[in-house]
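See structure below.
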Amino acid sequence: MADRYEHHAVESKWRDRWEADDLYHASDDDPRPKWYALTMFPYPSGDLHTGHWYAMAPPDVAARYRRMRGYNVMFPMGFDSFGLPAENAAIKRGVDPAEWTNANIERMRGQLRRMGAGFDWAREVVTSSPDYYKWTQWWFLQLYKRGLAYRAEAAANWCPGCQTVLANEQVVDGRCERSDDVVERRFLTQWFFRITAYAEELLKFEGIEWPERIRTMQTNWIGRSEGALLGFTVDVPGIDEKLRVFTTRPDTVYGATFMVVAPEHPLVDRITTPEQRAAVDEYVRATNRQTEIERLSTEREKTGVPTGAYAINPFNGARIPIWIADYVLVTYGTGAVMAVPAHDTRDFEFATRFGLPIVPVFDHPEIDVTKPLAAAFEHGTRMINSGQFDGTPDEEAFSAVVSFAEQHRIGERTVNYRLRDWLISRQRYWGAPIPMIHCERDGIVPVDEADLPVLLPEGVTFEPTGQSPLTQIPEWVNVTCPECGGPARRETDTMDTFMCSSWYQMRYADPHNPERPVSREAARKWLPVDQYTGGGEHAVMHLLYTRFFWKAARDMGVVEGDEPMLRLFNQGVILGPDGNRMSKSRGNVVAPDEQVDRWGADAFRCQLMFVGPWDQGGPYNPTGMAGIVRWLNRLWSLIVEEAPLADEPGSAAARELRRITHKTIRRATEDIEALRFNTMISRLMEHSTAMQRAREQGPVDRLAWQEATRTAVLLTAPLAPHITEELWERLGLPYSIHLHPWPEFDPELARDEEMELVVQVNGRVRDKILLSSDAGEEEAKAAALASPRIQEWLEGKDPKRVIVVPGKLVNVVL
RNA sequence: GCCGGGGUGGCGGAAUGGCAGACGCAGCGGACUUAAACUCCGCGGCCGAAAGGCAUGUGGGUUCGAAUCCCUCCCCCGGUACCA
């Protein structure tokens, strides 16, 4: 029986050896240049699935490549372990969230180990461990000190299923991102982070290579609009404050024929006339009853009622009615608009429905501006119906009107953002407690840094009540005020778990530091992340929050530089063999543990990368595994079985083998640099096929064969770390292949001696001729025209033109 | 509606201005074998006997030459949406 490749024995042998040797530990003292490779850490659900492998194995390949390239590579792993599932398990099965979580982590560590990834486990972080969340709380206190954390009453997204509030980013189509329950709007006092303070800077993506898609999504989410705030006088006795509106088109102010405020707007109650009271109250109630989903439907016909009150246009003194309507959102701008039906389709729709006047304020050469159709154009040539501004050209209108407004103190130029501050309070147990104390005398008082962490109490019951389960533990809630020593209560809300993941990449640099979240030296040594990888679904959540957090940390002097992750790559979604998302109910789940048992981790890793481009994702192909297994077996036999050797370095066969070896180095290197693992594997397959052919036709030149075997094993090492380590040993080479330098290619050796020249007639291939590869343009042209097949096409005539693409083709134009 | 990605053999995909279908799966034929498995070799878009013609969602354009660049439209995936 020949020496066959037994993946079980080989993989466990080397996993044990690597662990015993701490092969993948990134030392702080290593003088080589650092490379920080990070892939998003998992939530410890208790089972590692194929999606995790798809997210982690390719980054491991890239990290291993960097290590072979001479970098001191840090590739850490941890667990994002706070969050709802643990608490739901507690409610359902009565288990302790901490125990449940820790058992899951234990199991997943074992599953991750089988991947054979070069994780630096000495740097592991677990966000629900007090050593970690102590610092999450510390960050909260720093943000509070700097005015970036504050408490406010606001319309919050309330998930009735989770019995907690959610951040805007966690509401998808009016539903809870986690539970899919329809989200309600509630006015509650909550903690916020002032992410809007960094809105402008978050729009810049300088010095980072992030996918266009993510940058666009973040840009749209932040939603910067330039415009003006204008103040309209409210023509109601006793109301002195102005009705302020944000508009991107102050130049249309003369066309404002009515005002619309959101039903929730604070002025509504005070300006409503007695005659309109009943109608307004009913409309406000109806709006509250509506779900976000109904309200967001754009197909719906516009609704609204007049308040009976009027506003005065500060530009022309026009007295115009104030309406309420739910198409105006209280959360955007000032929650009120000046309606210009001639130049805004929504206002136009509303005006048409309720018979309100439509006054165009821009002339347009092709449109009869006296007709309602005028709403179809946003701009025109010059201002009309606009008093002293009549005749002002379109391009100058905006600044003319705004300058006038600023001079007369009736308005000002401004920038408005769609981005809201980040609501971080959660009325749940399994999160980091917010380290604040409410004192009757001193108000809100931060916990002393020396008293961190504020530990989660044990023995809590978890029935959802709408209040944090922490409220049930009086001995935990009741404390003395750090300021006055009097009776006080702890804040019972916990933090959004996105807070934990906003800074975890910093902690990996210095995971055991008891004094600081990360020392200055460690931050300088390791940060920022050089290559970050993970799913694109985090575009406007984690990936935005972590940028905000980093900028705040920079301003605190904790880290240096403006961005936390220099390069970002979003992998696609790996689907089941049927092309659908893997799910138990569909029965299309591919379980990594089973694949590893059957084929080995190396084969499973390679198959995941071979099915297609990594950023595209796509269906997993289990039958295709045969091709990967054949390839690995072929590589095995090429190394393990003897080849007939001879010493004839100058032979054509030797030159040919070296040529394909060096070409493979070049192409495989290009591919792995660009994270194109599918084409990289196909290059390596071609190389092993060429080697096999060379051996069969043997004898093979000893040195050329040695170069080919070593190169094949080295280039495969990042992809299939176990089998290559074994083969490296069998080649008699010193442990470990994963610390060996990446092979260099020699352009001279890779160069073809002969080339196949394609000859086209009128752009269609008619012949192929062999030519020395250093043949010049003239030579190529002459050879092409001399070809008998081309002669036939020429029919004795001269060609009109001959185009020569050096090294590629000749095109004869007739 | 708007933004981003995509549409290529039976299947996954390759080729980003120069031989369409690399590499692999499945299939067919052959060698080895008592037989099977493994392994190896060969074939493989469509029409046609061949010459040749037709083929990269649709229709047009630019070019000596287009899967690739430009325009029109259709379909699929993801995101986002009354944002004033």
Side-chain angles (χ1 to χ4, degrees), chain A residues 2 4 172-173 211-217 219-221 223-225 227 245-250 252 260 262 295-300 302 325-329 331-340 343-347 349-350 416-419 536-537 539-540 570 572-573 575 577 579 606-607 610-613 615-628 630-631 633-634 637 667 676 678-686 689 692-693 696 756-768 792 799-814:
Chain A
R4 288 191 52 191
V172 177
D173 290 338
E212 159 93 18
R213 193 175 77 89
I214 301 291
R215 298 203 314 259
T216 307
M217 281 174 72
T219 303
N220 292 342
W221 187 260
R224 182 182 196 276
S225 303
V245 299
F246 172 75
T247 176
T248 54
R249 294 294 308 279
T252 62
V260 188
R295 189 167 166 182
L296 286 174
S297 164
T298 49
E299 268 93 88
R300 237 179 76 219
K302 297 260 179 304
D326 63 6
Y327 81 90
V328 173
L329 307 175
T331 49
Y332 185 79
T334 62
V337 301
M338 62 174 204
V340 184
H343 300 278
D344 180 282
T345 51
R346 295 151 306 179
D347 297 343
E349 219 181 291
F350 195 81
N416 189 62
Y417 299 92
R418 180 182 175 277
L419 182 69
E537 70 273 15
V540 294
N570 290 126
V573 180
L575 304 171
C606 289
Q607 176 60 5
F610 189 59
V611 291
D615 57 346
Q616 225 170 277
Y620 180 71
N621 181 359
T623 55
M625 183 62 87
I628 291 291
R630 278 178 203 140
W631 167 56
N633 279 322
R634 190 183 312 141
S637 72
R667 291 164 154 181
R676 289 190 302 252
N678 57 331
T679 48
M680 179 185 181
I681 291 171
S682 67
R683 311 279 180 233
L684 296 177
M685 286 173 168
E686 282 172 316
T689 305
Q692 183 154 303
R693 204 148 284 172
E696 275 162 15
E756 197 182 54
L757 188 75
V758 172
V759 186
Q760 298 181 330
V761 176
N762 290 337
R764 319 206 59 144
V765 180
R766 297 302 179 188
D767 201 8
K768 295 174 187 181
E792 272 178 48
K800 204 188 275 176
R801 242 178 106 182
V802 180
I803 288 141
V804 181
V805 182
K808 287 215 170 125
L809 58 70
V810 175
N811 188 13
V812 180
V813 185
L814 299 183

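It should be emphasised that the depicted structure is a prediction, and the values quoted were computed from it without experimental measurement. In what follows, every chain begins at residue 1, and chains take the letters A, B, ... in the order their sequences are listed.
For the pair A:Glu212 CD and B:G6 P, the interatomic distance rounds to 12 Å; values are reported in whole Å.
Of the side-chain N and O atoms in A:Ser225, one or more sit less than 4.0 angstrom from OP1 or OP2 of B:A84. Dashed line: the shortest gap from a side-chain N or O of A:Arg764 to OP1 or OP2 of B:A55 is not under 4.0 Å. Contact annotation: A:Arg693 reaches the phosphate of B:C41 (side-chain N/O to OP1 or OP2, under 4.0 Å). Proximity of A:Gln692 to the phosphate of B:C40: a side-chain N or O atom is located under 4.0 Å from OP1 or OP2. Between A:Arg215 and the phosphate of B:G4, there is no side-chain N or O to OP1/OP2 separation shorter than 4.0 Å. Contact check, A:Asn621 against B:C11: no side-chain N or O comes under 4.0 Å of OP1 or OP2. Contact between the side-chain N/O atoms of A:Arg630 and the OP1/OP2 oxygens of B:U39 is found at a separation under 4.0 Å. Contact annotation: A:Arg676 side-chain N/O to B:A14 OP1/OP2 distance is not under 4.0 Å.
Nearest-nucleotide positions on RNA chain B for A:Met338 and A:Ser682 put A:Ser682 closer to the 5' end.
Atom name C1', nucleotides B:C32 and B:C41: the rounded distance is 11 Å, in whole Å. Here, B:A36 and B:G45 have their P atoms 29 Å apart, quoted to the whole Å. Taking atom P in both B:C74 and B:C25, the straight-line distance is 40 Å, to the nearest Å. Comparing the C1' positions of B:U56 and B:U16 gives an interatomic distance of 13 Å, to the nearest angstrom. Comparing B:G21 with B:G9, their C1' atoms sit 7 Å apart, to the nearest whole Å.
Residue A:Glu696 places its side chain closer to B:C40 than to any other of B:C82, B:A81, B:C40. Of the candidate nucleotides B:C64, B:G4, B:G18, B:G4 has the atom nearest to the side chain of A:Arg213. Between B:A81, B:G18, B:G12, one nucleotide has an atom nearer to the side chain of A:Val611 than all others, and that is B:G12. In the set B:C19, B:C3, B:G65, the nucleotide with an atom closest to the side chain of A:Val765 is B:C19.
The base of B:G18 sits within donor-acceptor range of the side chain of A:Gln760, with an N or O pair under 3.5 Å. With hydrogens and angles ignored, a donor-acceptor pair under 3.5 angstrom links the side chain of A:Lys302 to the base of B:C82.
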For Watson-Crick and G-U wobble pairs within 3.5 Å on both distances, what is RNA chain B written in dot-bracket notation, | included for inter-strand pairing? (((((((..(((.....[....))).(((((.......))))).(((....)))..(.(((..]....))).))))))))....
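Side chains of A:Asp347 and A:Thr345: no donor on one and acceptor on the other come within 3.5 Å.
Every residue two or more places apart in sequence or in another chain was checked for a salt bridge (charged side-chain N to carboxylate O under 4.0 Å, His left out) with A:Arg634, and none qualifies. Here A:Arg224 pairs with A:Glu200, A:Glu226 under the salt bridge (charged side-chain N to carboxylate O under 4.0 Å, His left out) rule; sequence neighbours left out.
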